[in-house]
Each structure stands twice: as structure tokens, then as C-alpha cells.
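Naming: A, B, ... by sequence-line order, numbering from 1 per chain.
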2 protein chains.
Amino acid sequence: MEGVRERLLRVGEELFALKGFREVSVREITRRVGCNVAAVNYHFGGKRGLYLAVVRDRWLPRAQKFREEFTRRLVSPLTPERVVVALAEAFWLAPVPERERWLHRRLLFQELAQPGEALPLMLQQGLLPLYREVERALAAALKTEVPSERLRLCVFSLLAQILHFGFFRPLLKEFLGRDLPVEEIMEHLQAFSLRGLSGWCAS
Amino acid sequence: MEGVRERLLRVGEELFALKGFREVSVREITRRVGCNVAAVNYHFGGKRGLYLAVVRDRWLPRAQKFREEFTRRLVSPLTPERVVVALAEAFWLAPVPERERWLHRRLLFQELAQPGEALPLMLQQGLLPLYREVERALAAALKTEVPSERLRLCVFSLLAQILHFGFFRPLLKEFLGRDLPVEEIMEHLQAFSLRGLSGWCAS
DNA sequence: GTCTATAGCAGGATAGAC
DNA sequence: GTCTATCCTGCTATAGAC
């Protein structure tokens, strides 16, 4: 049975992710949960406390789960192609409901838009470890010795695309004229990241 | 002489970009401008009206300016490399104060985090025309016939990196251990977008 | 642990003087 | 056009009954 505390965390995350911290009222959360307004203060010491608990108890564990999905999908011998595929799959095909993936992106987005004390937590404990993990895999995949800063920038470019294609999905739809299925996005990501524009260049 | 109306737009944009619509109060804006609270209602019909005016009168024109900067920097004969450089330069080296570039990104970010009636405006009149412009340039640069959907996805990947390196600059600093100057970011963007990871691949 | 009731405050908007 | 004064609404947080 899901207690009031857990329901507050779940509903709180939904609303914070959808509208951002300020835009959500404690009343709205407790009404949906079906409990009293005072419950938030009792369990979390206030609205801000609930928000931080959401990040700690729901967002961070999920971030770690995505990271593990990535690692789990790496198959040796490592190639750049396989690293890219593992990364894309971890984000888009992991056994996590689409709804949760959306929540996850969205909450990060909200925190970036209005940075608070949760941001350092999310960056350092959520994103940075993933970046390092990808860097390690990529270093192993590229046989040549690549300067580590070069490598990290490539990791950044990879993640940039993954996050962007998530965040700007509506714009993509408008730009293309149709809603591209995940499989095709992955295919493009792979092609672009591995060969870049020169894959299409005549010269 | 800058009238009250213009100052409200300028200060309003600063604050909306920094904190988001909800987080800013009319009182705060008018206090900084040095006018009365009622001025917002008089000139714009309310807080929301001021926000929309900011988007229309300041953000959209600036978006168009960036687009023109891009077009202006294209030199024939077009090559993919030159398109990438023109795009990066338009965003990072245009004769616009860094502060304004920051404002511009930030306001888009806020609107994406909490979409309102301004979002369609920003996407359709601000971003989409730029995307189409880049697509056109890229199509001319790539001699071979590239399916237009492929091309658009490449444009998306390009812009993804440009926006991401702007939004996540703090994370990049932490990841690299130093704050990368714009010139070096551009160099990487060019290398990655043109050749992808295979530029570093042994096989 | 969970509720009701309320304190205490801040925000947006408006009416009307000047 | 710009100001003062004020209304009304909605919020968080807390005190205290049960």
C-alpha cells in the first residue's frame, strides 16, 4: 500500500515537472493526493522540502538507473558505434515508461530554468557521473590516443543531441512535418555522430 | 530619451529571462524602473501583456537579427564547413553584447519550461525560419542530392549542439575542469559536425 | 499521524485624484 | 500619463483538536 508520503512524492514530481516549483501550490498537490495541506509540512517540513525530497528520492535514483542501463548495454569489443547506440538506447528504449522519461527530462529542465539548491545535486550526482561513464567507454572504443579534452567535448556533443531531440520534440515535428519515431531518430543520431556531415558530402 | 514604456520592456526582459514569468512581480519591475506599479497596467494591460510585448518587441527582432547574421556570413562557394562556421559565428560572435545573447537564450528557455501563448510565436517566427535558412544553405553546400528529411535532422543536430553548449556551459566547465573559450568550442563544433567521431577512429 | 482553522503575508489589478 | 490607495485573491506555515 502506498502511503501518503509516497503519494506526495509521486504527485509532487508530476506537478513540479509539468509547471515548475513556483507555479505549483501545496493545495493543488494535496488535493490530488487526497490528503490535508498540513501533511506536506508534517512529512517534509514545507513545500521546498517536498521538492528536494522529490529530487533526492525519485530523480537521482532514476538518473542512476539510466546510467546503469547505458553500462549494461555496452558489448565488447567496444566500437564508437556501439557506444552511441548504447547511449541512445539507454535514454530512449530503457524499460521505463515514456511518461517517466518525460518527467525526468522535464524536472531537470525546470531546475535549469530556475536554479535552486537542487541543481548542483542534479548536475554532480546525476549528469556528471554519466558523462564520465560515456567518456570512459568512448576512450576504450577509440583505439587511437585522443586528448581527453577532445573526448569530453565529443561526449558533450553526443549528450547535446540526445537531450535536444527530447526537449525540442515538438519543434522537430513542426520542422519535419511529421512525428519521427524513436528508431529513426536513433538512426540519424548514429549516422551524424559517427561520420558527421562529411558522410553526405560530395567532395 | 528612453520612456517608461521602453524601460519597462528592457527591465522586464531582464527579470523574466533571469527568473521566469511567475517568479517576477510587477512591483519588482516597476521598482527597478523607478515608476509606479500602475504603469504596467496602463501600457500593457497587465503583467501578461508586458511579457508578450517583451517577446514581440525585443525577442523576435533579435532572433531575426541572428538569422541575418548567419545569412550575411555565408560566403560562396558554399561548403558544409562554411555553413557550420557561419552558424556558430552568428550565435557566438555576432556584434551583440554577451549579455544580450544570454538574455535571448534564457528567455527561450523559460518559455520552454513553462509554455504559454508566447511559445508558438517564438518557435514559428523565431526558430523555424532559422532552421529553414540553415537547411537551404546546407542543401546548396552538399553537392549530392540528400533526402530533405536527412538534411533537416542534420540541421537539428547542429542547432542542438549550439544551444546545448550555451545552456549547459556551467556543466561543461565542471566536466572539463576549465572554462572553454568560445573559439575552442567553435573549433570542436566544426570538427565534430563535419567528421563526427570517425575523425578520431583508428579503424 | 491526520485533520480544521487561521494567522500573516504578497501578489495583480483597479478606481479615481491630479 | 502618472500617481496613491485599496480591494481581493491565493499562498505557506503553524497552532492545536482529535
Side-chain angles (χ1 to χ4, degrees), chain A residues 1-59 107 110-111 113-119, chain B residues 1-59 106-107 110-111 113-119 121:
Chain A
M1 183 52 191
E2 193 186 26
V4 171
R5 200 193 130 91
E6 278 63 43
R7 274 187 295 164
L8 281 172
L9 285 172
R10 185 170 48 77
V11 173
E13 181 175 33
E14 287 266 350
L15 292 175
F16 287 139
L18 181 64
K19 311 205 221 171
F21 181 77
R22 192 56 144 55
E23 206 77 20
V24 178
S25 70
V26 174
R27 287 169 154 80
E28 187 179 1
I29 298 172
T30 52
R31 185 161 36 81
R32 286 215 201 179
V33 166
C35 72
N36 192 271
V37 274
V40 170
N41 276 284
Y42 176 75
H43 287 287
F44 306 99
K47 186 184 175 186
R48 193 108 233 159
L50 170 59
Y51 181 73
L52 284 177
V54 163
V55 172
R56 254 196 283 272
D57 297 357
R58 306 202 108 231
W59 197 90
L107 204 62
Q110 296 291 354
E111 185 61 28
Q114 282 159 43
E117 36 186 335
L119 186 56
Chain B
M1 182 55 190
E2 193 186 25
V4 170
R5 200 194 131 91
E6 277 63 43
R7 274 187 294 164
L8 280 172
L9 285 172
R10 186 169 48 77
V11 173
E13 181 176 33
E14 288 264 352
L15 291 175
F16 287 140
L18 181 64
K19 310 206 223 170
F21 180 77
R22 195 49 146 57
E23 206 77 18
V24 178
S25 71
V26 174
R27 288 173 157 81
E28 186 179 2
I29 298 172
T30 51
R31 186 160 35 80
R32 285 214 200 179
V33 166
C35 72
N36 193 269
V37 274
V40 169
N41 277 285
Y42 177 73
H43 286 288
F44 306 99
K47 185 184 176 185
R48 195 107 233 160
L50 169 59
Y51 180 74
L52 284 177
V54 163
V55 171
R56 253 195 284 271
D57 296 358
R58 308 202 106 230
W59 196 90
R106 192 84 195 161
L107 204 63
Q110 296 291 355
E111 185 62 28
Q114 283 158 41
E117 36 186 332
L119 186 55
L121 221 64

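Counting heavy-atom neighbours within 6.0 Å of A:Glu117 CD, excluding the residue itself, gives a total of 12 or less.
For DNA chain C, the outermost nucleotides in 5' to 3' order that have an atom under 4.0 Å from a heavy atom of chain B are C:dG11 to C:dT14.
Considering every non-hydrogen atom in both A:Thr30 and A:Asn36, the closest pair reads CG2-O, 3.4 Å. In plain terms, the two heavy atoms of A:Val24 and A:Leu15 that are nearest each other are CG2-O, 3.4 Å. Contact between A:Cys35 and A:Leu8 at its shortest, heavy atoms only, is SG-CD2, 4.2 Å. Closest heavy-atom contact between B:Leu52 and B:Ala118: CD2-CB, 3.9 Å.
Contacts of A:Ala38 with the nucleic acid, taken as non-hydrogen atoms under 4.0 Å apart, include base atoms.
For the side-chain hydrogen bond (donor to acceptor under 3.5 Å, both in side chains) test with A:Tyr51, the passing option among A:Gln110, A:Glu111, A:Glu13 is A:Glu111; the others fail.
The pair B:Glu2-B:Arg10 counts as a salt bridge, with a side-chain nitrogen and a carboxylate oxygen less than 4.0 angstrom apart.
Remark: A:Arg22 is not positioned above the aromatic ring of B:Phe21, lacking an NZ or CZ atom under 6.0 angstrom from the ring centre and at most 45 degrees off the axis.
For the helix from C:dG1-D:dC18 to C:dC18-D:dG1, the end axes, each set by the C1' atoms of five terminal pairs, are bent relative to each other by 0° (nearest 10°).
Whole-Å rounding puts the A:Arg48 CZ to D:dC11 C1' distance at 15 Å. What separates NE2 of A:His43 from C1' of D:dA13 is a distance of 16 Å, to the nearest Å. The CG-P distance, from A:Asn41 to D:dC11, rounds to 15 Å in whole Å.
Toward the 5' end of DNA chain D, the nearer of the two residues A:Arg22 and B:Gly34, judged by each one's closest nucleotide, is B:Gly34.
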